[in-house]
Asker: 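Structure below; questions to follow.
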Amino acid sequence: MSDKFDLIIIGAGPAGMTAALYASRSGLKTCIVESGAPGGKLLKTFHIENYPGIKEMGGAELAMVMFDQALAFGAEYKAGEVVKVNKDKSVELLDGTILESNCVLLATGTKERMLNIPGEQENVGKGVSFCAVCDGAFFRGKDVVVIGGGNSALEEAGFLTQFVNKLYIVIRRDQFRAEEKFQREVEENEKIEIIREHVPLEVLSDGKVTGIVLKNVKTGKTQTVDCSGIFPYVGSDPISDCVKDLGVCNEHGYVIVDRNMETAVKGVYAAGDVVDKQLRQVVTAVGEGALVAQQAYKEVKEK
Ligand code: NAP
């Protein structure tokens, strides 16, 4: 492909899709590159109830509406995995394609962290799942364990209780990290038992998950919880390998940007969960995506 784009957007989550909408609508030659399905973390979210203007909508449904709108003004969409962003704003894909651009937006989000305990990796798809929305229905009438006490863990635990017989939430401290609203919901849910101050040690299986071994962080005592499903929700790590060589990430891999979402490399921007910031929400991601489109527009017009 020899045509040069004005803006290449890597990642079709809320930040990337909003940037595509705004950039193409303002006349920029825009391309989104995405390696999976469009929607980002929305696809793994049961419902959204804190996006102004939409009282409640399924995550996947909101993703499809955003995607339609993102392409409505002429933005191109390419399926592919970006392996490198260069200083000259060219973008290299895994299949060897090189796309040229004036500006690049990294909107790749984050990837769920694994527990890194014995038995976990080999049981992914056999009872270990990182997506309650995708796999919850497989655990109808079964007992499951959710690991973690953040917003994701508690929100998805609540979702899972419509299917399961019993759900254990295991947290390593004596308190949650999640917002109080989610805490109240899980504490009031009769299907949920909270196991505090325990960490997971090992996933047990006989070809499918049969249980999990937990250790009390204070006493060191271990216990086994019988279960068919294990959902680790212990946070996530930024997907920023493709900009590693640009030196724009902090020590954890999150991308450092200025108030215009621009990195230290002129014309290379970041938006959404991959950015080093405080609040990771759909509403912040879309605002950042719009801002990047506006900055790219200014930059291209100045040229
Ligand atoms: P998070 O907020 O970082 O929470 C991770 C949880 O996992 C914490 O409870 C943490 O315990 C625990 N944990 C981490 N490593 C562990 C380990 N090795 N073993 C056991 N437990 C471990 O991650 P998140 O829930 O995925 O949320 C990520 C971001 O998305 C947050 O900014 C969150 O607010 C946002 N989010 C928002 C919504 C919403 O607004 N509806 C929904 C989902 C996510 P400690 O607390 O002890 O560290």
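One-based numbering along the sequence shown. Model, not experiment: these values are computed from the prediction. Each ligand, and each atom within it, is numbered from 1 in the order the structure gives.
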Asker: Under a heavy-atom criterion of less than 4.0 Å, does Lys41 contact ligand 1?
Answerer: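 Heavy atoms of Lys41 never come under 4.0 Å of ligand 1.
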
Asker: Decide whether Thr97 and Lys78 meet the rule of one side-chain donor and one side-chain acceptor closer than 3.5 Å.
Answerer: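 The criterion, which ignores hydrogens and geometry beyond distance, is not satisfied for Lys78 and Thr97.
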
Asker: Measure the distances from the heavy atoms of Ile171 to every atom of ligand 1 and state whether one is below 4.0 angstrom.
Answerer: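 Heavy atoms of Ile171 never come under 4.0 Å of ligand 1.
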
Asker: Nearest protein heavy atom to atom 9 (O) of ligand 1, by residue and atom, and its distance?
Answerer: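 Residue, atom and distance for the closest contact: Gly149 N, 2.8 Å.
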
Asker: Of the protein's non-hydrogen atoms, which lies at the shortest distance from atom 8 (C) of ligand 1, and what is that distance?
Answerer: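 Answer, as residue, atom name and distance: Arg177 NE, 3.7 Å.
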
Asker: Heavy-atom contacts under 4.0 Å between Glu112 and ligand 1: side chain, backbone, both, or neither?
Answerer: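 Neither; no heavy atom under 4.0 Å.
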
Asker: Among all protein heavy atoms, pick out the one at the shortest distance from atom 30 (O) of ligand 1; state its residue, atom name and that distance to 0.1 Å.
Answerer: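 Atom 30 (O) of ligand 1 sits closest to the protein heavy atom Arg280 O, 3.9 Å.
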
Asker: I need the atoms of ligand 1 closer than 4.0 Å to a non-hydrogen atom of Glu155, numbered in the order shown.
Answerer: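 What qualifies from ligand 1 is 41 (N), 42 (C), 43 (C).
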
Asker: Under 3.5 Å, is there a donor-acceptor pair linking the side chains of Glu56 and Tyr51?
Answerer: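 Checked: Glu56/Tyr51 side chains show no N/O donor-acceptor pair below 3.5 Å.
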
Asker: Give yes if a backbone or side-chain nitrogen or oxygen of Gly148 is under 3.5 Å from a nitrogen or oxygen of ligand 1, and no if not.
Answerer: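 No.
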
Asker: From atom 16 (C) of ligand 1, work out which of His198, Arg172, Arg173 has a heavy atom at the shortest distance.
Answerer: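 Residue with the shortest heavy-atom distance to the ligand atom: Arg172.
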
Asker: What are the atoms of ligand 1, with element, lying closer than 4.0 Å to any heavy atom of Gln281?
Answerer: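 Those atoms are 37 (C), 38 (C), 39 (C), 40 (O).
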
Asker: Have a look at Ser152, Gly235, Pro200, Ala178 and point out the one with the heavy atom closest to atom 27 (O) of ligand 1.
Answerer: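 Heavy atom nearest to atom 27 (O) of ligand 1 belongs to Ser152.
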
Asker: Report yes or no: do Ile171 and Leu115 belong to one cluster of Ile/Leu/Val/Met/Phe/Trp/Tyr joined by side chain heavy-atom distances under 4.5 Å?
Answerer: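 Result: no, two separate clusters.
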
Asker: Hey, is atom 22 (C) of ligand 1 touched by any protein heavy atom at less than 4.0 Å?
Answerer: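 Under 4.0 Å from atom 22 (C) of ligand 1, at least one protein heavy atom found.
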
Asker: Identify, by atom number and element, the atoms of ligand 1 in contact range of Glu179, meaning under 4.0 Å from any of its heavy atoms.
Answerer: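 Going through ligand 1 atom by atom, the ones under 4.0 Å from Glu179 are 40 (O).
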
Asker: For a salt bridge (charged side-chain N to carboxylate O under 4.0 Å, His left out) with Lys181, tell me which candidate from Glu187, Glu188, Glu155, Glu49 qualifies.
Answerer: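 Output: one option passes, namely Glu49.
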
Asker: Testing the basics here: between Gly272 and Ala285, what is the closest heavy-atom pair and its distance to 0.1 Å?
Answerer: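 Closest approach of Gly272 to Ala285: CA-CB, 4.0 Å.
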
Asker: Looking only at heavy atoms, which two atoms of Val104 and Val85 are closest? And how far apart?
Answerer: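 Looking at all heavy atoms of both residues, the shortest contact is CG1-CG1, 4.0 Å.
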
Asker: Under 4.0 Å from a heavy atom of Tyr233: which atoms of ligand 1 are those, numbered in the order shown and with their elements?
Answerer: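 Those of ligand 1 that fall under 4.0 Å from Tyr233 are 6 (C), 7 (O).
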
Asker: Under 4.0 Å from ligand 1, counting heavy atoms only, is it the side chain of Thr110, its backbone, both or neither?
Answerer: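 Answer for Thr110: neither.
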
Asker: Looking at Phe73, I'd like to know if the NZ or CZ of Arg25 sits under 6.0 Å from its six-membered ring centre while staying within 45 degrees of the ring's axis.
Answerer: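 That pair qualifies as a cation-pi contact.
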
Asker: Between the side chains of Asn86 and Ser90, is a donor N or O closer than 3.5 angstrom to an acceptor N or O?
Answerer: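 Yes.
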
Asker: Specify side chain, backbone, both or neither for Phe182, according to which of its non-hydrogen atoms lie closer than 4.0 Å to ligand 1.
Answerer: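 Answer for Phe182: side chain.
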
Asker: Could Glu288 and Lys277 be called an ion pair, given the rule that one side-chain N must be under 4.0 Å from one carboxylate O?
Answerer: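 Here Glu288 pairs with Lys277 in a salt bridge, since their nearest N and O are under 4.0 Å apart.
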
Asker: On a heavy-atom basis, I'd like to know which of Ile117, Ile147, Asn151 is closest to atom 36 (N) of ligand 1.
Answerer: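 Minimum heavy-atom distance to atom 36 (N) of ligand 1 goes to Asn151.
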
Asker: With a 4.0 Å heavy-atom cut-off (strictly under), which part of Phe176 contacts ligand 1: side chain, backbone, both or neither?
Answerer: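 Answer for Phe176: neither.
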
Asker: Picking from Phe159, Phe163, Phe231, what satisfies ring-ring contact (aromatic ring centres under 6.0 Å, His included) with Phe139?
Answerer: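 Of the listed options, the one satisfying the test is Phe231.
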
Asker: Among all protein non-hydrogen atoms, which one is nearest to atom 7 (O) of ligand 1, and what is the separation to 0.1 Å?
Answerer: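 The answer is Val234 CA, 3.2 Å.
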
Asker: Would you mind telling me which of Arg280, Gln281, Glu179 makes a side-chain hydrogen bond (donor to acceptor under 3.5 Å, both in side chains) with Asn151?
Answerer: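 Result for side-chain hydrogen bond (donor to acceptor under 3.5 Å, both in side chains) with Asn151: Glu179.
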
Asker: Given the rule that I, L, V, M, F, W and Y join up when any side-chain heavy atoms are under 4.5 Å apart, are Val275 and Ile32 in one cluster?
Answerer: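 Linked within one cluster.
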
